[in-house]
There are 2 protein chains.
Amino acid sequence: MAEVQRHYRIGEFAKLVGLSTYTLRYYEDQGLVKSQRDENGVRYYTDEDIRWVGFILHLKGTGMRLNDLKRYVKLRAKGDATIPERRAMLQKTKDDAEADIAELQMHLQVLSRKIDWYDGKVDQTIADSESFHDYLQRFNDK
Amino acid sequence: MAEVQRHYRIGEFAKLVGLSTYTLRYYEDQGLVKSQRDENGVRYYTDEDIRWVGFILHLKGTGMRLNDLKRYVKLRAKGDATIPERRAMLQKTKDDAEADIAELQMHLQVLSRKIDWYDGKVDQTIADSESFHDYLQRFNDK
DNA sequence: AAACACCTTTGAGTGCACTTTAAGTCAACC
DNA sequence: GGTTGACTTAAAGTGCACTCAAAGGTGTTT
């Protein structure tokens, strides 16, 4: 636990977090990630940066946009007074993501039914499929 | 059921299916949707078209790309011999969507715990995963 | 007659999140 | 001493899925 902080240069760090060096510099431009510099002006990152990037990738993974991410980072920099606002952002992101999942699952259900129909597992959709078949004839002409 | 087929012109149809007239014409260019024409060359759509657009929107909703959708439609036009391939496409789309959901839920879990942490509820959840808790502690804003 | 909704083709614009290129410098490693 | 990997800024390119504009046309409704 009491080890000397490891330093990672951008190439190594990129591999560790699963982003490209381009993206990392882009994120830095955007104010999402910070780096430190050595005496030659070369970026380096620490284990804390790995955790931070991991966290923002979780937020991104739930559908948060870069603009919101920027806002979140700015709020964080302002201190504890912004916690309620940050909490609200996360809550909204969560709610949105859950709505997305629910919608996705609804679409998936239709897809599953269609697959079942292909497998001949569905009998009550004959009427549906016949008109659908008729419909598709229109695509045959040209 | 033996009613005269209703005809919808593009504006009305667009509202019914929730797409813009631009998008509808774009989809037609791409071969995803077909329309019929009256004696003046004006597009019209039927109830069957509503169902068809509904279906492709379900496929889109599960993450299928327009290119794949185009491929699907072309296969469909080729007849029953392409059913295995179409089935496989749907299966892959389904598997991908399910993987997306799983990933999303993983990210959501991190988000949820962060919200709990903002709420000071974290003490109660130490029990289930100490290392996960430690992991999340790293994100404690300071 | 004006307003409106539709038609055509072609091409440009939008938004997001990168991704790459250019052109030049610098320093470490083999 | 050449390759590698880093640095800089600014700009252009990519991919997807639209979205809109231009410019001129037809037909139907008020």
Side-chain angles (χ1 to χ4, degrees), chain A residues 6-46 49 53 55-73 93 96-97 100 103-104 107 142, chain B residues 6-46 49 53 55-73 89 93 96-97 100 103-104 107:
Chain A
R6 266 226 56 182
H7 287 184
Y8 310 97
R9 293 173 70 174
I10 198 168
E12 192 183 3
F13 187 69
K15 273 169 202 153
L16 285 170
V17 298
L19 294 173
S20 70
T21 57
Y22 297 127
T23 305
L24 246 10
R25 281 188 280 248
Y26 171 67
Y27 278 7
E28 191 169 322
D29 280 352
Q30 302 298 305
L32 298 181
V33 176
K34 280 164 287 169
S35 63
Q36 292 165 277
R37 303 302 177 107
D38 68 16
E39 64 283 356
N40 297 313
V42 173
R43 282 178 186 81
Y44 69 85
Y45 302 86
T46 66
D49 296 313
V53 171
F55 181 60
I56 69 173
L57 290 182
H58 280 305
L59 295 189
K60 261 205 87 227
T62 49
M64 198 185 266
R65 305 289 201 178
L66 288 207
N67 272 350
D68 286 335
L69 228 26
K70 286 185 217 173
R71 198 158 77 81
Y72 185 89
V73 173
T93 301
D96 289 351
D100 286 349
E103 209 185 306
L104 206 47
H107 293 310
K142 289 179 196 169
Chain B
R6 267 226 57 184
H7 286 185
Y8 310 98
R9 292 174 70 174
I10 198 167
E12 192 182 3
F13 187 68
K15 272 169 202 150
L16 285 171
V17 298
L19 294 173
S20 70
T21 58
Y22 298 126
T23 304
L24 245 11
R25 281 188 280 249
Y26 170 69
Y27 278 7
E28 192 170 320
D29 280 351
Q30 303 298 306
L32 297 180
V33 176
K34 279 253 164 147
S35 63
Q36 292 167 277
R37 302 303 178 107
D38 68 14
E39 65 285 356
N40 295 313
V42 174
R43 283 178 187 81
Y44 69 86
Y45 304 85
T46 67
D49 296 313
V53 172
F55 181 61
I56 70 172
L57 290 182
H58 279 306
L59 295 190
K60 260 204 88 227
T62 49
M64 199 186 266
R65 305 288 201 180
L66 288 208
N67 273 348
D68 286 334
L69 229 25
K70 284 184 216 173
R71 199 158 76 81
Y72 185 88
V73 173
M89 284 187 76
T93 301
D96 289 351
D100 286 350
E103 207 187 305
L104 206 47
H107 292 310

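In what follows, chains carry the letters A, B, and so on, assigned in the order in which the sequence lines appear, proteins first and then strands, with residues in each chain numbered from 1.
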Should the pair B:His7 and B:Tyr44 be assigned to parallel (<30°), tilted (30 to 60°) or perpendicular (>60°) ring geometry? parallel
Identify the pairs formed between an N or O of the protein and an N or O of nucleotides 11-16 of chain C at a distance under 3.5 Å, and give each distance.
none

Please answer whether the main-chain N or O of B:Asn40 pairs with a side-chain N or O of B:Asp38 as donor and acceptor at a distance below 3.5 Å. yes
Nearest whole Å is fine: how far is D:dA10 P from A:Arg25 CZ? 16 Å
Mind checking A:Tyr27 for me? I need base, sugar-phosphate or nothing, with any heavy atom below 4.0 Å counting as a touch. sugar-phosphate
Measuring from the side chain of B:Arg9 (C-beta onward, heavy atoms only), which nucleotide among C:dT20, C:dC6, D:dC7 has the closest atom? C:dC6
If you only use heavy atoms from C-beta on, which nucleotide in C:dT8, D:dT8, D:dT19 is closest to the side chain of B:Thr23? D:dT19
Where the side chain of B:Ile10 is defined as all heavy atoms beyond and including C-beta, which of D:dC18, C:dC7, D:dT28 is the nearest nucleotide? C:dC7
Under 4.0 Å between a side-chain N or O of A:Arg43 and OP1 or OP2 of D:dC7? yes
Could you grab the distance from atom CD1 of B:Ile10 to atom CZ of B:Arg25, nearest 0.5 Å is fine? 4.5 Å
Could you work out which one of D:dT8, C:dT19, D:dC18 sits closest to the side chain of B:Lys60? D:dC18
I need the CG-C1' distance between B:Leu19 and D:dT19, as an integer number of Å. 13 Å
A:Arg37 bridged to A:Glu28 by N-O distance under 4.0 Å: yes
Do you know the tightest heavy-atom contact between A:Ser35 and A:Arg43? OG-CG, 3.2 Å
Choose from C:dA27, D:dT8, C:dC6 the nucleotide whose nearest atom is closest to any side-chain atom of A:Asn40. C:dA27
Can you tell me the distance, in whole Å, between the CG atom of A:Asp38 and the P atom of C:dC26? 15 Å
So do the side chains of B:Gln36 and B:Thr46 get within less than 4.5 Å of each other, counting heavy atoms only? yes
Let me know the distance between OH of A:Tyr26 and P of D:dA10, rounded to the nearest Å. 16 Å
Expressed as a whole number of angstroms, how long is the span from B:Arg37:CZ to D:dG27:P? 14 Å
Side chains of B:Thr93 and B:Asp96: do they bring a donor and an acceptor to under 3.5 Å? no
